[in-house]
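Here's the structure we're looking at; comments come further down.
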Amino acid sequence: MMTKRRWRLRRSLKPEVREVFALTSSLDEIRDRFEIVKITAEYEPQEAVEPTDPVPIIVGRRRERRLVDARWGLFPFWAKDSVHADLHGVLDKPIFERLVRKQRCIVPGTALATLREDGRLCHIVRMMPKEGGLFGMAGLYEEFVNGSGKLHRAFTIVTTDSRGGHGDVRSRMPLLLGDAEAEEWLNPDRKVSSAWPGFFDVPDEARWIVHTDVRRLERAVQA
């Protein structure tokens with residue numbers, strides 16, 4: 001029976017803020033929502049996906065879309081853009097040129113969350129669409145084969161500065177993709193330019209809601 005990976009709350013000597021996301025939908029829901037034709041990923045619902053965690057992504061244009069394994073965080077992981085990559089920044093950096101042209105992906109999610117740990121308490125702020133369900137975030141991925149011949153895949157989420165009514169909840173906002181935008185984003189023939197920011201959506205007060213919670217770290221359930 002499939003079980004969800006839960007919050008990993010860990011005690012810290014000083015306040016710590018982590019921006020994560022959730023993916024708790026069923027595999028069938030992900031397949032239907034993004035019109036996936038082939039699934040090769042191993043999937044487990046997660047309440048809190050953190051950097052370096054494995055999580056499936058969607059690649060390929062319509063009628064060729066695949067759900068594949070990946071990990072959150074490009075190599076090297078410590079690089080500034082490995083987890084969140086600013087759209088304007090990736091357009092200006094030669095290192096991202098190949099990824100922007102040919103290796104765009106969609107990162108599925110069901111909620112965004114900010115975990116702020118302070119002493120024995122963890123303050124959890126969750127953002128999600130009012131109507132619930134899945135949303136797609138613009139991403140870039142890379143692949144490499146290690147010495148033993150195993151393929152590894154990693155991704156970063158494309159973001160913009162926080163703006164709108166929820167700007168105080170999260171420092172960076174992922175760029176969201178509707179059905180039409182997802183098709184364009186995954187089409188390698190579609191050139192990405194500086195005009196693209198207006199093409200994306202971001203979480204706002206009109207369509208997204210915020211829930212807050214406080215938990216004691218001693219009661220944390222380990223993944």
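Both backbone and side-chain heavy atoms feed into the values below; hydrogens, waters and symmetry mates do not. We count residues from 1, following the sequence as given.
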Give a yes or no answer on whether the side chain of [X] reaches the backbone of [Y] with a donor-acceptor pair at less than 3.5 Å.
X      : Y      : value
Gln103 : Tyr141 : yes
Trp72  : Val55  : no
Asp86  : Gly89  : yes
Arg61  : Leu186 : no
Asp69  : Glu42  : yes

Nearest 0.5 angstrom please: [X] [atom1] to [Y] [atom2], how far?
X      : Y      : atom1 : atom2 : answer
Thr156 : Leu74  : OG1   : CG    : 5.0 Å
Cys105 : Leu99  : SG    : CG    : 9.5 Å
Thr160 : Leu176 : OG1   : CG    : 11.0 Å
Ile209 : Met127 : CD1   : CE    : 10.0 Å
Leu27  : Ile36  : CG    : CD1   : 7.5 Å
Thr159 : His84  : OG1   : NE2   : 6.0 Å

Kindly give the heavy-atom pair with the smallest separation between [X] and [Y], and that separation in Å.
X      : Y      : value
Pro174 : Ile157 : CB-CG2, 3.8 Å
Glu117 : Cys122 : CG-SG, 3.8 Å
Ser26  : Tyr43  : C-CE2, 4.2 Å

Crowded around Leu151 CG? As in, over 12 foreign heavy atoms under 6.0 Å?
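Yes, CG of Leu151 has more than 12 neighbouring heavy atoms, counting only those of other groups under 6.0 Å.
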Taking atom NZ of Lys130 as the centre, report whether more than 12 heavy atoms of other residues, nucleotides or ligands fall under 6.0 Å from it.
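Yes, the 6.0 Å shell around NZ holds more than 12 heavy atoms from other groups.
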Inter- and intrachain pairs under salt bridge (charged side-chain N to carboxylate O under 4.0 Å, His left out), touching residues 140-160, at least two apart
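Found Glu143-Arg153.
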Set of side chain to side chain donor-acceptor pair (under 3.5 Å) partners for [X], sequence neighbours left out:
X     : answer
Asp28 : Arg31
Lys93 : Asp81
Arg66 : none

Show your reasoning for whether side chain to side chain contact (heavy atoms under 4.5 Å, CB included) applies to Lys38 and Glu64.
CA-CA 8 Å; Lys38 185 176 182 180; Glu64 299 176 0; over 6 Å; no
Is the closest basic N to carboxylate O distance between [X] and [Y] below 4.0 Å?
X      : Y      : answer
Arg172 : Glu19  : no
Arg116 : Asp118 : no
Glu183 : Arg65  : yes

List the steps, then state whether side chain to side chain contact (heavy atoms under 4.5 Å, CB included) holds for Ile57 with Val68.
CA-CA 6 Å; Ile57 59 174; Val68 299; 3.7 Å; yes
May I have the step-by-step check of side chain to side chain contact (heavy atoms under 4.5 Å, CB included) for Met137 and Phe21, ending in yes or no?
CA-CA 11 Å; Met137 298 175 280; Phe21 69 94; 3.9 Å; yes
Side-chain heavy atoms under 4.5 angstrom apart, residues restricted to Ile, Leu, Val, Met, Phe, Trp, Tyr: same cluster for Leu115 and Val214?
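Leu115 does not cluster with Val214.
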Might you work through the side chain to side chain contact (heavy atoms under 4.5 Å, CB included) test for Arg207 and Asp201, ending with a clear yes or no?
CA-CA 11 Å; Arg207 290 165 292 181; Asp201 202 355; 2.8 Å; yes
Who passes side-chain contact (heavy atoms from CB on, under 4.5 Å) against Leu134, sequence neighbours left out?
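Leu134: side-chain contact (heavy atoms from CB on, under 4.5 Å) contacts with Leu23, Ser25, Glu29, Ile30, Arg33, Phe34, Pro108, Thr110.
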What residues, two or more places apart in sequence or in another chain, satisfy side-chain contact (heavy atoms from CB on, under 4.5 Å) together with Pro129?
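Here the qualifying residues are Phe135, Trp208.
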Indicate whether any N or O donor in one side chain lies under 3.5 Å from an N or O acceptor in the other, for His152 and Asn146.
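Looking only at side-chain atoms, Asn146 and His152 do form a donor-acceptor pair, the distance falling under 3.5 Å.
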